[in-house]
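Computed from heavy atoms alone, side chains included, the values below leave out hydrogens, waters and symmetry copies. Proteins get letters first, then strands, A, B, ... in listed order; numbering begins at 1 in each.
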Protein chains: 2
Amino acid sequence: MRQKDQYGQNTGSKLPYETSLLIKDKKKKLPAQEEFIPHLAFDSVIFGFNGKQLKILVLEYHNTGLFALPGGFVKRDENLDDAVQRSLKERTGLDNIYLEQFHTFGNNARSNATIMRRILAENDYDFPDTYWLLDRFISVAYYALINYDEVAPRADELSDSINWYAINDLPTLIMDHSDMVKMALETLKRNIDKKLIGMNLLPPKFTMKQLKEVYEAILGEKLRRTTFQRKMLSMDILERHEKLFQGTAHKAPYLYSFKKIKNVDR
Amino acid sequence: MRQKDQYGQNTGSKLPYETSLLIKDKKKKLPAQEEFIPHLAFDSVIFGFNGKQLKILVLEYHNTGLFALPGGFVKRDENLDDAVQRSLKERTGLDNIYLEQFHTFGNNARSNATIMRRILAENDYDFPDTYWLLDRFISVAYYALINYDEVAPRADELSDSINWYAINDLPTLIMDHSDMVKMALETLKRNIDKKLIGMNLLPPKFTMKQLKEVYEAILGEKLRRTTFQRKMLSMDILERHEKLFQGTAHKAPYLYSFKKIKNVDR
DNA sequence: GTATTATTGTTACAAATTGAGACAATAATT
DNA sequence: AATTATTGTCTCAATTTGTAACAATAATAC
């Protein structure tokens with residue numbers, strides 16, 4: 001209903017909502033095409049780390065058994081990056097999420113009106129054959145890194161649920177969304193040292209072991225403890241804090257945080 | 001029948017060219033909006049290497065003193081990558097150009113109707129205020145690598161000329177095209193070892209010195225001769241051929257080519 | 001012919017980085 | 001006080017990279 005209000009508001013686009021009159025909505029308003037740039041979508045691979053596994057958020061559409069990445073559309077006067085941030089805020093409640101665009105998927109065959117029709121139909125929407133969501137879409141794909149523990153994901157109107165799935169135990173995703181996940185992960189691996197990935201997947205203070213586990217989950221391989229520690233410390237990006245007493249029968253590890261650095265892209 | 005939105009744009013693909021009748025063209029037909037996906041463009045940073053410098057192709061629009069990257073639009077039923085290849089063939093005459101998508105530019109402010117109006121006007125086109133090229137565009141940016149010597153670039157209809165410009169001596173480019181060049185070059189640097197860049201910027205057979213000069217032009221720094229040679233040979237990607245006798249008063253260098261490799265992205 | 005010149009290809013050794021293990025330190029628990 | 005399971009650091013080996021030396025030419029100059 002929050003969404004309904006939103007779709008009812010003027011967005012700054014100077015266009016009257018003529019076409020929306022064509023859509024007889026039974027329950028809720030469908031996205032009106034005048035508000036958005038046609039043929040253009042975005043999808044987000046939202047990564048989180050639960051301490052053991054790398055996971056992503058996946059939507060399940062109502063009554064269909066269809067799984068998909070969360071995505072959305074760009075308003076007529078809205079920056080592309082802002083549109084993605086807006087949608088992420090709707091799904092996660094978080095502001096200022098770490099976001100990286102990694103590819104734009106533009107094959108003609110990627111769009112599938114049949115799937116979209118089924119999703120809309122199962123949601124009891126009534127829509128014309130010319131409804132814009134049935135058209136071909138080019139999708140700009142982003143990956144996001146968020147702190148797993150701080151988030152209570154919220155599904156969108158069309159979806160039953162939004163849930164965390166381990167990266168190596170995903171359901172089959174619609175259209176080319178599996179390719180998106182694959183490419184997102186490859187990009188993440190390539191960027192792991194440049195972009196200080198851990199900064200966004202971990203709480204502010206963390207142990208060296210936790211940081212190593214994030215790296216291992218992303219790279220999909222075990223790392224040598226001593227070499228990893230030496231490398232991280234030599235990079236001069238970590239600040240050491242007090243020890244963490246966990247009540248375990250061994251030496252307590254130090255807590256670290258990432259140094260506040262100015263003017264460096266993370 | 002497909003529906004139209006407020007811009008008069010058709011959102012489907014198989015439409016007659018109704019709207020083009022609105023455009024009274026004095027000389028040539030302007031691109032008709034029904035043929036292309038609205039609001040979506042692409043731009044290409046086309047790299048070549050002349051033996052000394054890294055260069056890119058830049059268009060100059062007729063009578064305006066405005067310089068821009070070559071670009072184009074995606075047909076309603078055309079794959080994004082194919083559209084870029086098609087446009088590159090038009091500019092360079094080459095098929096199967098090495099192409100890499102690197103970023104999609106989607107800021108609202110990047111579009112500039114004033115500039116586009118001026119370009120169209122200086123070309124003696126007559127067009128309505130609602131002409132689709134004056135709308136906001138999201139642009140997917142690619143870089144291409146081509147063999148400098150094999151190409152005779154051809155300007156498009158709106159442009160006076162298309163010419164090679166050294167990467168560090170470019171004219172001021174319109175809109176965000178300078179950002180595109182900058183990001184293309186950064187991506188090229190990052191990819192230089194992974195993607196065997198030289199394969200596409202050099203003739204089939206080349207000396208180690210030429211290969212080193214390509215690397216130096218891309219990275220913008222001098223490399224150590226012996227280290228470079230050792231690294232390249234150890235990568236096991238080069239095939240050694242006959243010596244090249246240049247008529248110079250010193251030892252003749254070997255010619256090399258890249259090994260034919262299957263199933264590896266270059 | 002022979003000496004000269006400007007590279008080129010390779011080797012040798014030093015310096016730096018990384019791999020692999022050893023070992024002492026230390027929070028609980030027994 | 002002994003035991004246990006890490007953690008932080010150090011040591012030495014293995015590998016990679018930086019740097020320079022050097023022999024091998026393909027022309028040209030004499």
- Sole candidate of Val214(A), Ile97(A), Leu202(A), Leu188(A) that passes side chain to side chain contact (heavy atoms under 4.5 Å, CB included) when paired with Leu145(A): Leu188(A)
- Item | Whole-Å gap separating P (dA28(C)) and NZ (Lys243(A)) | 10 Å
- Query: Tell me: NZ of Lys222(B) to P of dT19(D), nearest whole Å?
  - Reply: 16 Å
- So, Asp193(B) and Lys231(B), do they make that salt bridge, N to O below 4.0 Å? yes
- Message: Walk along nucleotides 7-16 of chain C from 5' to 3' and tag each nucleotide B, S or - by protein heavy-atom contact under 4.0 Å, base first, then sugar-phosphate.
- Response: BBBB-B----
Could you go through residues 163-173 of chain B and list every donor-acceptor pair under 3.5 Å that involves a side-chain atom there, pairing it with any protein atom two or more places apart or in another chain?
none

- Query: Are the ring centres of Tyr215(A) and Phe49(A) closer than 6.0 Å?
  - Reply: no
- Whole-Å gap separating P (dT25(D)) and CD (Glu242(B)): 17 Å
- Item | Between dG8(D) (P) and Phe228(A) (CZ): distance, integer Å | 12 Å
- Test item: Ser87(A) side-chain N/O and Ala83(A) main-chain N/O as donor-acceptor pair under 3.5 Å: no
- N/O (side chain, Arg224(B)) to phosphate O (OP1/OP2, dT19(D)) under 4.0 Å: yes
- Roughly how many Å is it from CE in Met232(B) to P in dT16(D), rounded to a whole number? 16 Å
- Query: Between Lys259(B) and Glu239(B), is there a salt bridge with N-O shorter than 4.0 Å?
  - Reply: no
